[in-house]
Amino acid sequence: MKLLILPASLLYLAFTTASPLAKRDYPAVGACSGQCSGRLHDPSVVYRADTKTYYRFATNDGINTATAPRLSGPWTFQGPAMPDGSSIDLPGNHDLWAPDVFHLDNTYYLYYSVSQMGSMNSDIGVATSPTMDPGSWTDHGSIGIPKDSRYNKIDANLYFPSGASAPVLNFGSFWQNIFQVPMNNPPLTISSPTATHLAQNTTTRPAGLVSGSMEGAYQFQWNGYTYLFFSSGNCCNEPANATNPDQSLAPSGEEYHIMVCRSSSPSGGFVDQQGRDCLTANGGTMVLESHGDVYAPGGQGVMYDPNLGAPVVYYHYVRPSVSYAYDEFFFGWNRLSFAGGWPVVV
Ligand SMILES: *[C@@H]1O[C@H](CO)[C@@H](O)[C@H](O)[C@H]1NC(C)=O
Ligand SMILES: *[C@@H]1O[C@H](CO)[C@@H](O)[C@H](O)[C@H]1NC(C)=O
């Protein structure tokens with residue numbers, strides 16, 4: 001998650017040069033009751049089987065936690081997972097970003113990012129808990145990814161390919177986009193400093209926009225393939241107003257949209273539905289984009305929902321009829337069908 005401010009003068013450019021995207025008809029956002037809006041960027045949702053409870057974690061503060069009996073709610077805020085922030089000694093260590101929670105061998109692992117808007121002075125850390133309840137997390141600090149000018153160390157996602165002896169961790173935002181490092185088991189630290197480049201977008205963007213707009217990688221296994229979901233575009237722009245006349249929304253189509261690539265390997269060879277390589281040919285197939293009163297869906301994760309008996313994509317989005325304000329984002333989800341080998345919201 002990264003905020004990019006656009007000058008208002010770009011709006012003119014947007015409306016004169018943007019080509020309309022052929023949009024498919026998207027189904028309505030899944031039902032949500034209780035705390036379904038607020039400061040809930042980049043959600044991570046985990047189902048706790050023994051208490052039949054869904055836990056939802058979100059960017060900012062000490063990682064705000066909410067729980068619900070179903071994905072559709074009612075959601076109740078429970079407080080910050082890590083009220084004291086992270087032991088990582090970098091600016092932003094009390095405003096943690098982009099949580100990703102994973103259950104492994106009776107322990108929950110919470111990966112988080114320490115960064116600041118537009119900064120590459122970032123790091124990824126991990127905390128563990130037996131329950132996921134606020135206050136139960138033990139911070140272990142940095143997982144040890146080396147600094148490199150090709151990537152930004154934010155937006156972690158732990159992935160354990162079936163049959164593997166240890167998981168991998170996907171990360172990266174802008175610059176050269178999405179990378180992966182191998183993890184130890186238990187996954188508190190990397191097992192090698194060599195990062196594998198998984199995907200990037202070198203398409204020229206409208207003037208004023210930072211290129212390589214991929215972030216928020218999330219891998220999900222289905223029918224023998226590893227699907228690499230990611231957010232492409234700008235997450236959080238707000239229109240100009242009297243207090244901030246210089247800001248503007250991203251040109252149409254340049255705001256967050258959820259895309260996917262797939263491979264038979266978790267660590268390379270990702271292509272899109274047209275067969276375009278996602279590392280060398282700007283591949284990526286659209287999963288969900290702005291439609292109706294849903295704007296800039298992204299920060300997504302994918303899970304198998306035991307109540308629905310189906311895979312689900314969940315995400316944050318903006319409702320233009322309500323507000324574009326950063327603190328008024330909405331939690332959304334939709335069922336996914338992989339029937340044709342590629343995920344489609346249904
Ligand atoms: C103007 O925009 C800023 C930043 O996007 C926002 O925080 C503020 O609430 C907005 N003000 C009004 C009056 O809408
Ligand atoms: C690549 O960037 C272009 C221009 O910003 C955007 O329209 C497209 O959706 C992006 N594709 C991917 C795979 O990120």
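Atoms within each ligand, like the ligands themselves, are counted from 1 in listed order.
Close approach of ligand 1 to Gln247 is summarised as follows: ligand atoms under 4.0 Å from at least one heavy atom of the residue are 1 (C), 2 (O), 3 (C), 4 (C), 5 (O). Heavy-atom contacts of Asn244 reach the following atoms of ligand 1: 1 (C), 2 (O), 3 (C), 4 (C) (cutoff under 4.0 Å).
A cation-pi arrangement is found for Arg56 relative to Phe331, the charged atom lying closer than 6.0 Å to the ring centre and inside a 45° cone about the ring normal.
Between the Ser136 side chain and the Asp133 main chain, a donor and an acceptor come within less than 3.5 Å of each other.
The two residues Ser232 and Met259 come nearest to each other via the heavy atoms CB-SD, 3.9 Å. Considering all non-hydrogen atoms of both residues, Ala240 and Pro245 come closest at CB-O, 3.6 Å.
Centroid-to-centroid, the aromatic rings of Phe230 and Tyr218 stay 6.0 Å apart or farther.
Under the side-chain hydrogen bond (donor to acceptor under 3.5 Å, both in side chains) criterion, the residue pairs touching residues 297-306 are Tyr54-Asp305, Ser231-Gln300, with sequence neighbours excluded.
Using modelled atom types and a 3.5 Å distance limit, the side chains of Asn152 and Ser122 yield a donor-acceptor pair.
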N or O contacts of ligand 2 with protein under 3.5 Å, please list pair by pair.
unit_1	atom_1	unit_2	atom_2	d
ligand 2	2 (O)	Asn201	OD1	3.4
ligand 2	2 (O)	Asn201	ND2	2.4
ligand 2	5 (O)	Arg205	NE	3.1
ligand 2	5 (O)	Glu254	OE1	2.6
ligand 2	5 (O)	Glu254	OE2	3.2
ligand 2	9 (O)	His257	NE2	2.9
ligand 2	11 (N)	Asn201	ND2	2.9
ligand 2	14 (O)	Asn201	ND2	2.8
ligand 2	14 (O)	Ser232	OG	2.8

